[in-house]
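See below for the structure under consideration.
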Amino acid sequence: MNGYKVAIVGATGMVGQEFIKVLEQRSFPIESIEMLASDRSAGKKLFFSHREVEVKETTPESFKGIDIALFSAGTDISRYFSPIAAQSGAVVIDNSSAFRMDPKVPLVVPEINPEDIKKHKGIIANPNCSTIQMVMALYPLHRVNTIKRIVVTTFQAVSGTGSAAVGELTTQAKQVLNGQATAPHVYPHQIAFNVLPEIDVFLDNAYTKEEWKMVEETRKIMHADDIAISATCARVPVFIGHSEAINIEFSHPMSPDEARRLLAQAPGVKLLDDPAISLYPQSWSSAGTDEVFVGRIRRDVSHPNGLVMWVVADNLRKGAALNAIQIAEEMIKRGWLNNGGGR
Ligand SMILES: NC(=O)c1ccc[n+]([C@@H]2O[C@H](COP(=O)([O-])OP(=O)(O)OC[C@H]3O[C@@H](n4cnc5c(N)ncnc54)[C@H](OP(=O)(O)O)[C@@H]3O)[C@@H](O)[C@H]2O)c1
């Protein structure tokens with residue numbers, strides 16, 4: 001076979017557009033590509049490898065003959081169409097939260113738990129963007145010194161909400177600078193020049209669903225049900241690049257130098273850590289890159305086994321499209337696609 005028949009569901013969205021870029025940039029072996037979205041976008045033209053591809057409405061028939069279906073069109077669409085796509089014989093890699101905590105669905109970061117892919121029954125879940133970058137930075141440390149507790153605060157870019165939110169920040173920023181009133185549509189309050197400690201809905205336990213995703217998904221990916229985790233997730237007026245301040249309590253002390261040594265060897269992680277020259281990860285410079293950047297590594301003075309760090313990644317790439325495509329690449333590398341492996 002020369003390549004795979006790929007469908008992108010949500011091809012016109014922020015993550016869908018990134019899927020297209022990542023597939024092109026990594027020369028993913030593609031025989032044919034279907035660009036799927038809602039009926040609103042049917043007939044629009046997108047480009048793949050300099051060729052025009054017409055966007056089609058997503059229907060149950062869209063998945064006939066498809067090998068790999070990359071979903072990023074929201075939870076409801078995934079819930080309805082993913083089982084249909086899987087039933088048609090496609091392997092679904094889903095960016096929504098629809099199936100992440102389903103025990104029958106692997107939740108995968110290829111650098112951490114690639115073996116879990118093998119257990120799939122047609123659907124593989126891509127974790128939440130904030131979770132992916134956190135586990136990428138923590139798992140290399142957890143492997144040598146078990147983590148007991150994590151306290152994380154996130155500073156999440158508006159592209160994590162989708163294209164409407166990017167438009168809202170742009171419009172509001174101009175309005176504020178022109179002395180005009182703003183009107184929130186996507187978020188409950190103005191996002192321009194503001195910080196909103198509310199991502200996704202509030203739960204009965206007073207955490208938000210986004211915060212709870214970080215708790216549950218981290219445990220599932222790292223196979224570490226006992227880790228205590230508390231997260232606070234905030235939306236900030238940044239276009240691309242989620243930042244996280246993470247406090248970690250290990251079983252035994254770990255020096256900042258040992259953490260730096262381990263992270264310098266970790267695949268997909270890049271250290272940017274030299275306070276003397278103000279070198280640390282920043283959201284704007286993470287945009288368009290593939291690595292998870294780690295810096296500001298220091299002892300947590302409040303705990304003998306504690307470390308603190310600052311972690312940044314492009315939420316549309318490693319936080320979404322790149323991780324999903326790496327899952328497909330891992331399956332190809334291990335011979336788990338189209339040869340009966342895992343199904
Ligand atoms: N942005 C991130 O950082 C990120 C990270 C991880 C996961 N995700 C998840 O990825 C999904 C999409 O996010 P996004 O940021 O790309 O959102 P977005 O920019 O708002 O794009 C939404 C996409 O979904 C499509 N869509 C909407 N209704 C549809 C329908 N009825 N049938 C088929 N397609 C439909 C849209 O097509 P039209 O153009 O036709 O409306 C568009 O292509 C969400 O589940 C989100 O939680 C996002």
Side-chain angles (χ1 to χ4, degrees), residues 7-22 34-46 53-63 69-82 84-85 92-100 107-109 123-134 154-170 185-187 199-201 208-210 213-214 217 233 235-236 238-244 283 286-288 292 312-327:
I8 301 178
V9 184
T12 51
M14 299 281 323
V15 176
Q17 292 294 292
E18 212 59 41
F19 271 138
I20 293 170
K21 275 192 233 161
V22 175
E34 289 286 335
M35 305 287 189
L36 304 172
S38 76
D39 56 352
R40 293 178 295 276
S41 300
K44 275 189 189 164
K45 303 283 193 290
L46 294 174
V53 183
E54 188 173 307
V55 178
K56 294 182 189 153
E57 181 185 354
T58 313
T59 70
E61 283 69 47
S62 303
F63 304 98
L70 302 167
F71 272 72
S72 69
T75 304
D76 292 345
I77 303 301
S78 290
R79 245 189 248 293
Y80 182 73
F81 284 110
S82 296
I84 294 173
V92 172
I93 304 176
D94 179 35
N95 259 279
S96 81
S97 58
F99 304 102
R100 288 181 190 148
L107 181 67
V108 177
V109 176
I123 303 175
I124 300 160
N126 205 52
N128 172 265
C129 39
S130 308
T131 306
I132 293 177
Q133 67 183 70
M134 183 169 82
T154 71
F155 308 75
Q156 297 182 217
V158 295
S159 55
T161 314
S163 38
V166 171
E168 180 145 307
L169 173 56
T170 309
H185 299 290
V186 176
Y187 297 117
I199 301 184
D200 213 328
V201 296
T208 63
K209 201 168 166 194
E210 182 84 352
K213 285 177 203 165
M214 293 192 78
E217 293 180 22
C233 294
R235 189 70 69 190
V236 295
V238 162
F239 284 115
I240 295 177
H242 289 355
S243 304
E244 298 177 348
S283 49
S286 77
V292 172
V312 177
D314 182 329
N315 50 294
L316 297 173
R317 289 184 75 91
K318 187 58 185 168
L322 172 66
N323 194 75
I325 289 165
Q326 286 175 315
I327 292 172

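When a ligand or atom number is given, it counts from 1 through the structure's own listing order.
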Quiz item: Quick check: does Lys44 get an N/O under 3.5 Å from an N/O on ligand 1?
Solution: no
Quiz item: Just heavy atoms, cut-off under 4.0 Å: does Ser159 contact ligand 1 by side chain, backbone, both, or neither?
Solution: backbone
Practice problem: Would you check if the side chain of Asp314 reaches a backbone N or O of Gly288 as a donor-acceptor pair within less than 3.5 Å? | Solution: yes
Quiz item: Quick one: does Val15 get an N or O within less than 3.5 Å of an N or O on ligand 1?
Solution: yes
Quiz item: N/O to N/O below 3.5 Å, does that happen between Thr161 and ligand 1?
Solution: no
Quiz prompt | Heavy-atom nearest neighbour in the protein, as seen from atom 38 (P) of ligand 1, with distance rounded to 0.1 Å | solution = Ser41 OG, 3.2 Å
Quiz item: Do any N or O atoms from the side chain of Ser159 and from the backbone of Phe239 form a donor-acceptor pair under 3.5 angstrom?
Solution: yes
Quiz item: Does Ser96 use its side chain to pair, donor to acceptor, with the backbone of Ala98 at less than 3.5 Å?
Solution: yes
Self-check item: Polar proximity ligand 1 side, Gly74 side, N/O cut 3.5 Å exclusive
Solution: yes
Practice problem: Assign the ring pair Phe71 / Phe63 to parallel, tilted or perpendicular, where the plane angle (0 to 90°) is split at 30° and 60°. | Solution: parallel
Exercise. State whether the number of non-hydrogen atoms from other residues, nucleotides or ligands found under 6.0 Å of Asp39 atom CG is greater than 12.
Key: yes
Exercise. State whether any protein heavy atom lies less than 4.0 Å from atom 46 (C) of ligand 1.
Key: no
Quiz item: Identify the closest protein heavy atom to atom 36 (C) of ligand 1: which residue and atom is it, and at what distance?
Solution: Thr12 OG1, 3.8 Å
Quiz item: Between the side chains of Asn128 and Glu210, is a donor N or O closer than 3.5 angstrom to an acceptor N or O?
Solution: yes
Self-check item: Close approach of Gly319 to ligand 1, heavy atoms, under 4.0 angstrom
Solution: yes
Quiz item: Tell me, which protein residue and heavy-atom name are nearest atom 15 (O) of ligand 1, and how many Å apart are they?
Solution: Gly162 CA, 3.2 Å
Quiz item: Can Ser82 and Asp94 be counted as having a side-chain donor-acceptor contact under 3.5 angstrom?
Solution: no
Quiz item: Any side-chain heavy atom of Lys318 within less than 4.5 Å of one from Val109?
Solution: yes
Practice problem: Under 4.0 Å, heavy atoms only, figure out whether ligand 1 is touched by the backbone of Asn95, its side chain, both or neither. | Solution: both
Exercise. Looking only at protein heavy atoms, identify the closest one to atom 30 (C) of ligand 1 and say how far it is in Å.
Key: Ile77 CD1, 3.3 Å
Quiz item: Ser96 to ligand 1: N or O pair under 3.5 Å?
Solution: no
Practice problem: Report yes or no: does Gln17 contribute a side-chain atom to a donor-acceptor pair with the main-chain N or O of Ala11 at less than 3.5 Å? | Solution: yes
Exercise. Starting from atom 25 (C) of ligand 1, locate the nearest protein heavy atom and write down its residue, its atom name and how far away it is, to 0.1 Å.
Key: Ala73 CB, 3.8 Å
Practice problem: Ignoring hydrogens and angles, tell me if any N or O in the side chain of Glu168 forms a donor-acceptor pair with the backbone of His185 under 3.5 Å. | Solution: yes
Exercise. Could you say whether the N/O atoms of Val9 and ligand 1 ever approach to under 3.5 Å?
Key: no
Quiz item: Is the backbone N or O of Ile199 less than 3.5 Å from a side-chain atom of Thr208, with the two atoms forming a donor-acceptor pair by type?
Solution: yes
Self-check item: Residue pair Ser62 / Glu34, side-chain donor-acceptor N/O under 3.5 Å
Solution: no
Practice problem: Kindly identify the option in Ser38, Ala42, Ala11, Ala165 whose heavy atom sits closest to atom 40 (O) of ligand 1. | Solution: Ser38
Practice problem: Return a yes/no value: protein heavy atom under 4.0 Å from atom 17 (O) of ligand 1? | Solution: yes
Quiz prompt | Presence of salt bridge, Lys44 and Glu54, under 4.0 angstrom | solution = no
Quiz prompt | Protein residue, atom and distance nearest to atom 10 (O) of ligand 1, heavy-atom basis | solution = Ser72 CB, 3.7 Å
Quiz item: If you count the atoms of ligand 1 from 1 in the order shown, which ones are under 4.0 Å from a heavy atom of Leu316?
Solution: 1 (N), 2 (C), 3 (O)
Quiz item: Just which atoms of ligand 1 are under 4.0 Å from any heavy atom in Ser163?
Solution: 18 (P), 19 (O), 20 (O)
Practice problem: Return a yes/no value for Gly13: is any of its N or O atoms, backbone included, closer than 3.5 angstrom to an N or O of ligand 1? | Solution: yes
Quiz item: How close does the nearest protein non-hydrogen atom get to atom 28 (N) of ligand 1, and which residue and atom is it?
Solution: Arg40 NH2, 3.4 Å
Quiz item: Has ligand 1 got any nitrogen or oxygen that is less than 3.5 angstrom from a nitrogen or oxygen of Gly10?
Solution: yes
Exercise. Considering only non-hydrogen protein atoms, determine which one is nearest to atom 5 (C) of ligand 1 and report residue, atom name and distance to 0.1 Å.
Key: Ala320 CB, 3.6 Å
Practice problem: Check the side chains of Arg100 and Thr131 for a donor-acceptor pair under 3.5 angstrom, ignoring hydrogens and angles. | Solution: no
